[in-house]
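A quick write-up on the structure given underneath.
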Amino acid sequence: ARSCFSYLEQSITPIVINNPADIAALGLTTDFNYKCMMIPIRNGSGKLIGAMLVVNDPDAKDFSNSDRNLLEVVGNKVAEVLKVNFDSLTGLENGQSFEWAVGQALLQARTRGLQHVVLNVNIDRTGLVNDLSGRAAGDELIRRVSRELQAGLRSHDSVGRIGGDEFGILLETCSVDSATKLARKLGQRIEKMHFAWEGVEHSTSVCIGITPLTAESDKRTSHPSEV
């Protein structure tokens, strides 16, 4: 027996549960007492990153094949949106999506007088990691750094992967002084990160540029300072 999520990892079609017999037929372990449909949501590389779930009362009408087909169509649309706007390696916003967010922040700065800051983060020595330990190690380094960056941010900040080993961070309603302090903390966080691949340890560090977004800013011509 297995959980619904583990079943979805191997499935490309929706799960439909109308009664306990459906649970048994799928070999699932759950005490879920509602009727439900679930469909896996995958990123561009095919990795399971979530699921869509529709739940109904036990006494409600059974889900039909039409309901199942509709959920499958909606799930595919959601997956398409994710592929267009999110990076398949890290799950972060991709460059296109992050660029749009920066444009919206710049518009706010000009129309409402708010100040935001963009951090441009480059991982040091990614090429060396690729050369010594292979591309898979380099990809894992990028994933690890992405998680450390997210963990070190405020809840309303956003981060995107905008290049191979490059990230953008949008700090909304933030002064340059506060952004500088945060950038230093992020840099220290990455330096303390332990990264090893197949017995080979690699030192980790990042270079971080700081660009304020104000009413006078032009994202095409602004020049970031570095910490």
Side-chain angles (χ1 to χ4, degrees), residues 2-3 5-6 8-10 40-51 82-83 85-99 101-102 105 116-212 224-227:
R2 50 183 170 168
S3 68
F5 197 80
S6 65
L8 286 172
E9 286 183 314
Q10 307 298 325
I41 303 297
R42 303 181 184 278
N43 61 18
S45 62
K47 180 182 178 182
L48 181 68
I49 57 174
L82 292 175
K83 289 176 184 178
N85 293 287
F86 292 87
D87 173 56
S88 61
L89 180 65
T90 63
L92 300 175
E93 293 181 55
N94 60 20
Q96 175 181 305
S97 182
F98 185 77
E99 179 79 8
V102 171
H116 312 296
V117 176
V118 172
L119 303 181
N120 187 272
V121 183
N122 286 274
I123 305 175
D124 298 325
R125 297 180 296 278
T126 308
L128 182 60
V129 173
N130 286 333
D131 291 341
L132 293 177
S133 297
R135 181 63 179 272
D139 286 348
E140 181 59 23
L141 174 61
I142 291 170
R143 280 191 289 263
R144 285 281 305 279
V145 170
S146 74
R147 291 195 291 268
E148 290 294 333
L149 292 176
Q150 291 178 89
L153 294 177
R154 304 172 302 176
S155 60
H156 58 283
D157 297 328
S158 57
V159 55
R161 184 184 177 208
I162 58 179
D165 56 2
E166 183 179 2
F167 300 89
I169 298 174
L170 176 60
L171 306 175
E172 296 192 50
T173 317
C174 183
S175 68
V176 172
D177 183 58
S178 295
T180 301
K181 293 177 181 177
L182 178 58
R184 287 175 178 154
K185 289 180 180 179
L186 290 174
Q188 293 167 358
R189 188 182 186 97
I190 300 302
E191 287 177 359
K192 293 177 181 178
M193 186 181 82
H194 176 263
F195 181 72
W197 188 266
E198 295 181 345
V200 179
E201 294 195 8
H202 299 276
S203 60
T204 54
S205 61
V206 291
C207 177
I208 303 179
I210 301 175
T211 303
S225 58
E226 291 189 356
V227 295

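Throughout, residue positions are numbered sequentially from 1 according to the sequence presented.
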Give me the atom names and distance for the closest heavy-atom approach of [X] to [Y].
X	Y	value
Ala136	Trp197	CB-CZ2, 3.8 Å
Ala183	Ile208	O-CD1, 3.3 Å
Gly164	Ile142	O-CD1, 3.1 Å
Arg135	Asn130	CA-OD1, 3.7 Å

> Of all residues at least two apart in sequence or in a different chain, which pass the side chain to side chain donor-acceptor pair (under 3.5 Å) check with Asn122?
Replying inline: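 Scan of Asn122 (side chain to side chain donor-acceptor pair (under 3.5 Å), adjacent residues dropped) gives Asn120.
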With a 4.5 Å limit on heavy-atom distance, are the side chains of [X] and [Y] in contact?
X	Y	answer
Arg161	Leu89	yes
Thr90	Val145	no
Ile123	Phe167	yes
Gln150	Leu92	yes
Met193	Arg144	yes
Val129	Val200	no

>> By the definition side-chain contact (heavy atoms from CB on, under 4.5 Å), identify the one residue from Val121, Val118, Ile210, Val117 that meets it with Ile169.
In response: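 Option passing the side-chain contact (heavy atoms from CB on, under 4.5 Å) with Ile169: Val121.
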> Any salt bridge (Lys or Arg N to Asp or Glu O under 4.0 Å) pairs touching residues 192-201, not counting sequence neighbours?
Replying inline: none
>> Closer than 4.0 angstrom, basic N to acidic O: yes or no for Arg184 and Glu191?
In response: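 Here Arg184 does not pair with Glu191 in a salt bridge, since their nearest N and O are not under 4.0 Å apart.
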